[in-house]
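As structure tokens, the structure follows; a few thoughts come after it.
In listed order, ligands and their atoms are each counted from 1. None of these values were measured; they are calculated from a predicted model.
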Amino acid sequence: MSDGKSVFVKICGLKTPEDVDVAVEAGAHAVGFVLAPNSPRTIDAARARELAARVPDGVLTVGVFRKQPLEEVRRLTEESGVRGVQLHGDEGPEYYEALRAPGLTLLRATAEHVARCGEYGEDLLLIDAPDPGSGKPWNWGSAEFTAPEGRWLLAGGLGPGNVREAVRATGAWGVDVSSGVERERGVKSPELIRAFIDAATHSYDYSE
Ligand SMILES: O=C(O)c1ccccc1N[C@@H]1O[C@H](COP(=O)(O)O)[C@@H](O)[C@H]1O
């Protein structure tokens, strides 16, 4: 039985039409394209545009950036047509203010302790491991971790086998994954994508 709580699920680092179709069909709420350089998941803006065009309106398309200049983020967002921007860096509130545009969802990714979502003007907060995209888990289950208020996503070392426990332990509003749904680094697995979405969306079903 479900207690009615739903969990927002983002599948990140998609590179092929097949990846996108599997994630969307399995019920992802958002899909991410890495527009930051030097990742095994990096794609260019033209490729991201092709992939984003496959995604129905109800699913958020997100460009992922790391420590890139504002003008580059603006240009790649425009060229790719993504409707969300996820920033992994030390950008301050003024950066978010400068990026804000109608219809654009801003995600702030950080490994720091943050009290609430929205302090920098972001729409969604992403609490991640210090090394984003590494697949390494962090101590979200420890007593030192205090969940932020508002809409926040948990990321970092999640996979089909631990996402349910992670959501229950932290009360995260949503989850984000990349490595945990790959069969090898940078190559997604349809089976793992489906299993992750199923486990995450049913986090509050059945009691133990
Ligand atoms: O995935 C990447 O290569 C990446 C590159 C630059 C910034 C962020 C990146 N990924 C983000 O990391 C988490 C998922 O990490 P994990 O692999 O599941 O542990 C997620 O927020 C991705 O968007």
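Residues satisfying the salt bridge (charged side-chain N to carboxylate O under 4.0 Å, His left out) test with E191, not counting sequence neighbours, are none.
One hydrophobic cluster, built from ILVMFWY side chains closer than 4.5 Å, cannot hold both V34 and L51; they sit in different ones.
Judged purely by distance below 3.5 Å, without hydrogens or angles, the side chains of S179 and R41 pair a donor atom with an acceptor atom.
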Ligand 1: protein N/O within less than 3.5 Å of ligand N/O:
unit_1   : atom_1 : unit_2 : atom_2 : d
ligand 1 : 1 (O)  : R41    : NH1    : 2.7
ligand 1 : 3 (O)  : S39    : OG     : 2.6
ligand 1 : 3 (O)  : R41    : NH1    : 3.1
ligand 1 : 12 (O) : D128   : OD2    : 3.4
ligand 1 : 12 (O) : G133   : N      : 2.9
ligand 1 : 15 (O) : G133   : N      : 3.3
ligand 1 : 17 (O) : G135   : N      : 3.4
ligand 1 : 17 (O) : S179   : N      : 2.9
ligand 1 : 17 (O) : S179   : OG     : 2.5
ligand 1 : 18 (O) : S178   : N      : 2.9
ligand 1 : 18 (O) : S179   : N      : 3.4
ligand 1 : 19 (O) : G135   : N      : 3.0
ligand 1 : 19 (O) : G157   : N      : 2.9
ligand 1 : 21 (O) : Q86    : NE2    : 3.2
ligand 1 : 21 (O) : D176   : OD2    : 2.7
ligand 1 : 23 (O) : Q86    : NE2    : 3.0

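Ring-plane geometry between F8 and H29 is classed as parallel, the angle between the planes falling under 30 degrees on a 0 to 90 degree scale with a further cut at 60.
Residues K188 and S178 have side chains in contact (heavy-atom distance under 4.5 Å, counting atoms from C-beta outward).
Salt-bridge annotation for E72 and R75: absent, with no side-chain N of the basic residue lying under 4.0 Å from a carboxylate O of the acidic one.
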